[in-house]
Amino acid sequence: MRVLVTGGAGFIGSHIVNALKDRGHDPVVLDALLPAAHPGTPPLPDAEFVRADVRDADAVRSALRGMDAVCHQAAMVGLGKNFADAPDYVGCNDLGTAVLLAETAAAGVRELVLAGSMVVYGEGRYTCERHGTVRPGPRRTEDLMAGRFEPRCPDCGEELAPGLVGEDAPTDPRNVYATTKLAQEHLAASWARCTEGRAVSLRYHNVYGPGMPRDTPYAGVASFFRSSLALGEAPQVFEDGAQRRDFVHVGDVASANAVALEAVGGLSAGTLTAFNTGSGDPHTVGEMASALAAAYGGPHPVVTGEFRLGDVRHITADSTRLREELGWRPEVGFAQGMTEFARAGQRASAGAVG
């Protein structure tokens, strides 16, 4: 299969390219190598390379010739710094996706795998003893400043038990990045309906691993901690460190993309199918920071009580559908992955687009 991988020189994209090559496919990388993501020329994957932006219709049109499928990874990632980032997020993620899909439709390519995200679920799944499954509202600044980090039942105010989120959960994006990731899915679903195409969105949970960018406000929390350790500084853990996440190794995410690309042609035409993509082994942010620091050799993390208003408290995946329907299995466990990540190199990064 000949596959156009947008963002294929980035952190996750480069691993996907290698996974596709290992399975006998022919990936072609399309990446703008924007200075915000690549302050210098990164090591490029061993594949045909097209330097272009997904918002450049002419370049995308040319790159799509002869393709069987598209694996769309190019995006501006992370929570960002403040709402001033909104135009950049919308331009990179949503306009870029719209241009790509328009050219894909014109080129007759009908198979798409999209880098989705668990952030579309917002606060995830919670259960109240009295009211069952509930959806807490946005966390309030005054509660966070007072150290009241846990969402409460919107009906009775009692404590809630967080649980695993399935793909049928309501979407509830709570920051600009999350909103653009959901918009990407809607665009892909519209493309599939209009073209009788087949689309998959892999809703990544917290991806980490070798080659993760450093020194950027847009990367994931694992990158922040690893960058601090490399500087000899203690990782700064926000809130109380009890936020639950599903940390999934980039190699497992790459294999999920390869499996999805091989399976997408057998899915129903005219639809987008979402698959949660997580390890299935949730941990708290504090546990992750401690495991990473221990594997690196210190210093020990510091819990700061700081917070970011756009962050959610708990979000963990139920990846059963991906396992059962596509046969994917994660192979890198938490302890193994953190030990590897503590010793692995990071790529330099000035900022935003990967």
Side-chain angles (χ1 to χ4, degrees), residues 1-78 92-93 96-97 99-100 103-104 107 109 112-115 202 204 207-216 218-220 222-223 226-227 230 249-262 340-341 343-354:
M1 186 189 315
R2 190 161 166 83
V3 182
L4 183 66
V5 183
T6 70
F11 166 48
I12 297 174
S14 59
H15 284 271
I16 292 171
V17 169
N18 291 334
L20 289 172
K21 287 179 65 67
D22 288 345
R23 297 169 77 104
H25 300 295
D26 182 17
V28 175
V29 173
L30 186 146
D31 199 303
L33 300 183
L34 296 178
H38 305 284
T41 301
L44 297 177
D46 182 19
E48 183 180 337
F49 177 74
V50 178
R51 183 166 185 171
D53 194 303
V54 290
R55 292 166 289 188
D56 182 340
D58 291 338
V60 171
R61 186 178 310 125
S62 177
L64 282 167
R65 294 191 184 107
M67 294 298 157
D68 300 302
V70 173
C71 183
H72 184 30
Q73 304 296 311
M76 185 172 176
V77 300
C92 290
N93 297 357
T97 298
V99 171
L100 174 68
E103 295 304 326
T104 302
V109 179
L112 170 74
V113 173
L114 171 70
L202 296 177
Y204 302 159
V207 186
Y208 73 95
M212 199 171 190
R214 66 174 184 265
D215 305 327
T216 166
Y218 298 90
S223 176
R226 178 63 176 78
S227 297
H249 191 272
V250 67
D252 288 329
V253 169
S255 70
N257 276 271
V259 167
L261 282 161
E262 292 167 352
E340 176 199 44
F341 184 43
R343 299 168 181 166
Q346 291 180 273
R347 62 172 63 201
S349 177
V353 183

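It should be emphasised that the depicted structure is a prediction, and the values quoted were computed from it without experimental measurement.
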*Asks:* Does the side chain of Phe11 reach to within under 4.5 Å of the side chain of Val77, using non-hydrogen atoms?
*Replies:* no
*Asks:* Of the non-hydrogen atoms in Ala222 and Phe341, which two are nearest, and what is the gap between them?
*Replies:* O-CE2, 3.5 Å
*Asks:* To the nearest 0.5 Å, how far apart are CD in Gln73 and OG1 in Thr6?
*Replies:* 6.5 Å
*Asks:* Taking Lys21 for its side chain and Asp46 for its backbone only, find out whether a donor-acceptor pair lies under 3.5 Å.
*Replies:* yes
*Asks:* Under a 4.5 Å cut-off applied to non-hydrogen side-chain atoms, are Thr97 and Val54 in contact?
*Replies:* no
*Asks:* Just how far is it from atom CD1 of Ile12 to atom CG of Asn257, taken to the nearest 0.5 Å?
*Replies:* 8.0 Å
*Asks:* Would you say the side-chain atoms of Asn93 pair up with the backbone N or O of Met76, donor to acceptor, closer than 3.5 Å?
*Replies:* yes
*Asks:* Within the structure provided, determine whether Leu202 and Val113 are in side-chain contact (heavy-atom separation under 4.5 Å).
*Replies:* yes
*Asks:* Side chains of Val5 and Val28: does their closest heavy-atom pair fall under 4.5 Å?
*Replies:* no
*Asks:* Could you report the tightest heavy-atom contact between Met67 and Val109, atom names first, then the distance?
*Replies:* O-CG2, 3.6 Å
*Asks:* Do NZ/NE/NH1/NH2 and the carboxylate oxygens of Asp68 and Arg2 come within less than 4.0 Å?
*Replies:* no
*Asks:* Distance from Asp56 atom CG to Glu103 atom CD, nearest 0.5 Å?
*Replies:* 9.5 Å
*Asks:* Does the side chain of Leu100 reach to within under 4.5 Å of the side chain of Val70, using non-hydrogen atoms?
*Replies:* yes
*Asks:* Under a 3.5 Å distance rule, please check whether Ser255 uses its side chain to pair with a backbone N or O of Asp252 as donor and acceptor.
*Replies:* yes
*Asks:* Taking the side chain from Arg226 and the backbone from Tyr208, do they hold a donor-acceptor pair closer than 3.5 Å?
*Replies:* no
*Asks:* Determine, stepwise, if the pair Val29 / Val50 fulfils side-chain contact (heavy atoms from CB on, under 4.5 Å).
*Replies:* CA-CA 6 Å; Val29 173; Val50 178; over 6 Å; no
*Asks:* What are the two closest heavy atoms between Pro213 and Gln346, and how far apart are they?
*Replies:* O-NE2, 3.4 Å
*Asks:* Grab the two heavy atoms, one from Asp31 and one from Ala9, that are nearest each other, plus how far apart they are.
*Replies:* OD2-N, 3.1 Å
*Asks:* Considering only heavy atoms from C-beta outward, does the side chain of Met1 approach that of Pro27 to under 4.5 Å?
*Replies:* no
*Asks:* Where do Leu30 and Asp53 come nearest, in terms of heavy atoms and distance?
*Replies:* CD2-C, 4.3 Å
*Asks:* Locate the shortest heavy-atom distance separating Leu261 from Leu20; write the atom from each residue and the value.
*Replies:* CD1-CD2, 3.7 Å
*Asks:* Once rounded to the nearest 0.5 Å, what's the spacing between atom NE2 of His15 and atom CE of Met212?
*Replies:* 10.5 Å
*Asks:* Within the structure provided, determine whether His249 and Glu340 are in side-chain contact (heavy-atom separation under 4.5 Å).
*Replies:* yes
*Asks:* Rounded to the nearest 0.5 Å, how far apart are CG of Leu114 and OH of Tyr204?
*Replies:* 8.0 Å
*Asks:* Please report the interatomic distance CZ(Arg65) to CG(Leu4), rounded to the nearest 0.5 Å.
*Replies:* 12.5 Å
